[in-house]
S.K.: 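Before anything else, here's the structure in question.
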Amino acid sequence: MRLRGLRISVVWFALLVAVVSPAWADNSGTSAVRPVLVIHGGAGVAPGDLTPEEEAQARAALEAALRAGYARLQGGGTALDAVTAAITLLEDAPQFNAGRGAVFTHDGRNELDTSIMDGATGKAGAAAGLHRVKNPILLARAIMEKSPHVMMIGAGAEQFAEAQGIPLVDPAYFRTEKRWQQLQKALQAEARAQASNQPLVLPGKAYFGTVGALALDVQGHLAAGTSTGGMTNKRYGRVGDSPIIGAGTWADTGCAVSGTGWGEYYIRAAAAHEICARVRLAGEPLPKAADAVINQVIPRMGGDGGAIALGADGVFAFPFNTPGMYRGWIGPDGVPHVAIYRDDPLPMPGR
Ligand code: ASP
């Protein structure tokens with residue numbers, strides 16, 4: 001009798017665990033979280049922009065970044081490690097507007113911005129106006145972990161990078177011909193507008209390309225990071241949303257976001273924080289909150305772009321309102337899934 005009673009209690013207990021376990025708990029009976037990594041390579045890509053070869057290279061780079069970041073998560077690494085590893089690869093890939101391959105400023109320079117945030121601790125690091133730091137995301141992380149500050153800019157930031165042993169390169173390292181030609185086109189369009197007495201053309205929305213990554217690690221911790229060259233033809237030391245905590249990057253205990261788009265609007269909407277605040281304070285489902293901010297709030301203001309968002313329950317979303325956004329994710333099966341244009345199929349977990 002006692003044994004039967006015990007068996008019944010065990011069955012009830014097992015049922016209870018199955019019901020109250022969060023979606024990310026695995027089936028092994030442990031409470032290990034299933035890690036997830038989500039990335040973007042910018043919302044500035046449209047059908048017809050890329051040759052088949054360029055498209056294949058971009059897809060391969062996205063997959064490599066997903067694999068590199070996910071390897072960290074599988075090895076028990078932190079969400080921060082995964083975000084750092086994935087973004088480092090995307091910065092090295094010339095296909096994206098971050099690190100090598102960054103867009104040019106009005107003055108013909110590559111000027112890089114970046115940020116990272118640890119959802120578990122709320123710590124953050126950011127840097128803007130960099131010309132010599134090979135992998136800006138490494139500097140953002142060092143600022144977060146090795147300094148009492150959150151944000152550094154320009155020469156001071158590079159001095160700190162040097163002191164931390166973070167690799168510096170000749171500014172020519174970042175130059176790619178494709179980005180140079182984009183600047184020439186933007187300058188010509190600007191000159192035409194001035195000649196016909198039209199208002200000064202601001203950095204065009206056709207030149208987004210920021211990279212970003214979000215990770216959920218086996219501890220259930222989230223992290224977010226973003227890295228960019230900003231917008232083609234930017235001037236006057238313009239800084240966009242990417243290095244601004246709460247605008248282009250946010251992570252807390254329940255939600256992480258990295259944005260890509262017309263940075264001025266993302267700053268004014270505090271876009272990344274706004275998405276997570278809706279989840280945390282208003283209890284909105286993360287995909288709904290992300291869609292509302294990216295596809296309603298920002299367009300109503302006159303901006304456009306996209307974002308990636310990831311919850312501590314492993315649910316993620318890729319809202320964007322441009323013709324394409326380089327994007328991808330990798331989860332428990334270890335298979336990278338990537339897409340570029342709006343209609344590209346992108347399998348989602350359990351859907
Ligand atoms: N958000 C970036 C900026 O405004 C641009 C981008 O996403 O490519 O600097």
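All residue numbers refer to positions in the sequence shown, counting from 1. Quantities reported herein were computed from a predicted structural model and do not represent experimental measurements. Basis for what follows: all heavy atoms, side chains included, without hydrogens, waters or symmetry-related copies. Order of appearance sets the numbers: ligands from 1, and atoms from 1 within every ligand.
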S.K.: Can you list the atoms of ligand 1 that are under 4.0 Å from a heavy atom of Gly261?
M.R.: 1 (N), 2 (C), 3 (C), 4 (O), 5 (C), 6 (C), 7 (O)
S.K.: Return the CG to CZ distance between Asp81 and Arg72, rounded to the nearest 0.5 Å.
M.R.: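 Rounded to the nearest 0.5 Å, the CG-CZ separation comes to 6.0 Å.
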S.K.: Using a 4.0 Å cut-off to any heavy atom of Gly230, which atoms of ligand 1 qualify?
M.R.: 5 (C), 9 (O)
S.K.: Taking only heavy atoms of Gly263 into account, list the atoms of ligand 1 that are under 4.0 Å away from them.
M.R.: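 Here the atoms of ligand 1 in question are 4 (O).
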S.K.: Output every pair passing ring-ring contact (aromatic ring centres under 6.0 Å, His included) with a member in residues 167-186, not counting sequence neighbours, ordered by first then second residue.
M.R.: Phe104-Trp180
S.K.: Does only the side chain of Arg238 get under 4.0 Å from ligand 1, or the backbone, or both, or neither? Count heavy atoms.
M.R.: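 For Arg238, only side-chain atoms sit under 4.0 Å from ligand 1.
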S.K.: What closest approach, in Å, do Val133 and Leu139 show between heavy atoms, and which atom pair accounts for it?
M.R.: CG2-CD2, 4.0 Å
S.K.: Return the minimal non-hydrogen interatomic distance between Pro299 and Asn321, and the atom names on each side.
M.R.: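 Smallest heavy-atom distance, with atoms named: CG-ND2, 3.7 Å.
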S.K.: Do any pairs count as a ring-ring contact (aromatic ring centres under 6.0 Å, His included) and have a residue in residues 324-348, sequence neighbours left out, and if so which ones?
M.R.: Phe96-Tyr326, Phe316-Trp329, Trp329-His337
S.K.: Could you list the atoms of ligand 1 found under 4.0 angstrom from a heavy atom of Gly240?
M.R.: 9 (O)
S.K.: With a cut-off of 4.0 Å, which atoms of ligand 1 are near a heavy atom of Thr260?
M.R.: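 Every atom of ligand 1 under 4.0 Å from some heavy atom of Thr260: 6 (C), 7 (O), 8 (O).
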S.K.: Which bit of Ser242 is near ligand 1, meaning a heavy atom under 4.0 Å away: side chain, backbone, both or neither?
M.R.: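 Just the side chain.
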S.K.: With a cut-off of 4.0 Å, which atoms of ligand 1 are near a heavy atom of Asp241?
M.R.: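 So the answer, numbered in order with elements, is 1 (N), 2 (C), 3 (C), 4 (O).
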S.K.: Between Gly209 and ligand 1, does any nitrogen or oxygen pair lie at a separation below 3.5 Å?
M.R.: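 N/O-N/O distance under 3.5 Å: yes.
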